[in-house]
Amino acid sequence: MQLKAENVSFRYGNNTPLFENVTLEVNEDEIVGIVAPSGFGKTTLCKILAGYESPSTGEVTLGGSPLPVVGYHPVQLVFQHPEKAINPRWKMGQVLSESGEQDQEILQMLGIQKEWLKRWPNELSGGELQRFCIARALASHTRFLIADEMTTMLDAITQAQIWQAVMEIAKKRKIGIIVVSHDESLIQKLCQRVIRLNVNEKEG
Ligand SMILES: Nc1ncnc2c1ncn2[C@@H]1O[C@H](COP(=O)(O)OP(=O)(O)OP(=O)(O)O)[C@@H](O)[C@H]1O
C-alpha cells in the first residue's frame, strides 16, 4: 500500500500559497524523512497527508483511493506537543481507548506502566504523555504514522527508547513512517530515504 500526494498545493484562506505542487509517495514498508525550511508548511503538509486538512489543489491517496473521511484513520499523525493532543478531562486509560482495544505488547514496548492508565494527563511527564499519543496512533488499522517533530522535546535517552520501540512495531506490522524533523542526524539515523522540499515547491 502506498500513501501518495500528487501536485498538492495549499493556502490558508486568501493568503498566498504556502507550497505548491508537492508530489511524494511512501510505501508501507518504508521509513522516509521529510526535510524543509522552517515555515515551509511541513506541519500543514502532515495534516493534509493525515486528512485533517484538504489540499487547495491536488490529491492525497492511500492505496490508490482518496483518504477515508469517516471511521478510524489509517494515516495517524503525532505532533510535538502531546498535551495539545490529549483531552485533559480524560484519564489516560480513556485516552488510549479512543483508538479501540489496547494492544498490551505495544504498551509494554513503549514503556507505558499499567499504573499510569489511572492518572490524569497533568500527572504525567511530557515523555510519558507522548508514549500514550504514540500508542494511540499505532492501533491495529494504522497503515502510516507521520511523526511531526514527535520526539523533539524529549531528552536523548527517552528519544532513543521511543524510536527503538516505534521502529520495531512498524517493522512487525508493516506500518510506513514519515519522520519530519529539524534534526538532520535523527533523520539520517532513522530513515531509508529523505525527501527534501524546497523553495521550488513553494514557488510552484
Ligand atoms: N490555521 C492557520 N491559519 C493561517 N495560517 C496558518 C495556520 N496554521 C499555520 N499557518 C501558517 O502557515 C505557515 C506554515 O506553518 P507550518 O506550521 O505548517 O510550517 P512548518 O514548516 O511546520 O514550520 P516550522 O518548521 O517553523 O515548525 C506559518 O507561517 C503559519 O503561521
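For ligands, and for the atoms within them, numbers begin at 1 and follow the listed sequence.
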* Any ion pair linking R193 and E25 (charged N to carboxylate O, less than 4.0 Å)? -> no

* Show which atoms of ligand 1 fall inside a sub-4.0 Å distance from at least one heavy-atom site of F40. => 21 (O)

* Atom OG1 of T23 and atom CG of L197: how far apart are they, to the nearest 0.5 Å? -> 10.0 Å

* Structure fact -> The protein heavy atom nearest to atom 15 (O) of ligand 1 is T44 OG1, 4.0 Å

* Among all protein heavy atoms, pick out the one at the shortest distance from atom 26 (O) of ligand 1; state its residue, atom name and that distance to 0.1 Å. => S38 OG, 2.8 Å

* Is atom 28 (C) of ligand 1 less than 4.0 angstrom from some protein heavy atom? -> no

* Asked: Is the shortest distance from atom 23 (O) of ligand 1 to a protein heavy atom below 4.0 Å?
  -> yes

* Structure fact -> Nearest non-hydrogen protein atom to atom 20 (P) of ligand 1, with distance, is K42 N, 3.4 Å

* **Co-membership, hydrophobic cluster, residues I146 and L18, 4.5 Å side-chain** => yes

* Between the side chains of T57 and S9, does any donor sit under 3.5 Å from an acceptor? -> yes

* Asked: Do any nitrogen or oxygen atoms of N15 lie less than 3.5 angstrom from nitrogen or oxygen atoms of ligand 1?
  -> no

* Among all protein non-hydrogen atoms, which one is nearest to atom 17 (O) of ligand 1, and what is the separation to 0.1 Å? -> T43 CB, 3.5 Å

* Asked: Which one of Q130, R119, E83 satisfies the side chain to side chain contact (heavy atoms under 4.5 Å, CB included) criterion with L124?
  -> R119

* In plain terms, say whether R196 and E184 are close enough for a salt bridge, that is, a side-chain N and a carboxylate O under 4.0 Å apart. => yes

* **Option nearest atom 6 (C) of ligand 1 (shortest heavy-atom distance, choices F19, Y12, F10)** => Y12

* Is the closest heavy atom of G39 to ligand 1 under 4.0 Å? -> yes

* When rounded to the nearest 0.5 angstrom, what is the spacing between CE in M109 and CZ in R131? -> 12.5 Å

* To do: Output the list of atoms in ligand 1 that are nearer than 4.0 Å to some heavy atom of H182, sorted by atom number.
  => 25 (O)

* Are M150 and V32 grouped together when hydrophobic residues (ILVMFWY) are joined by side-chain heavy atoms under 4.5 angstrom apart? -> no

* Asked: What's the shortest distance from atom 13 (C) of ligand 1 to any protein heavy atom, and which residue and atom give it?
  -> L18 CD2, 3.4 Å

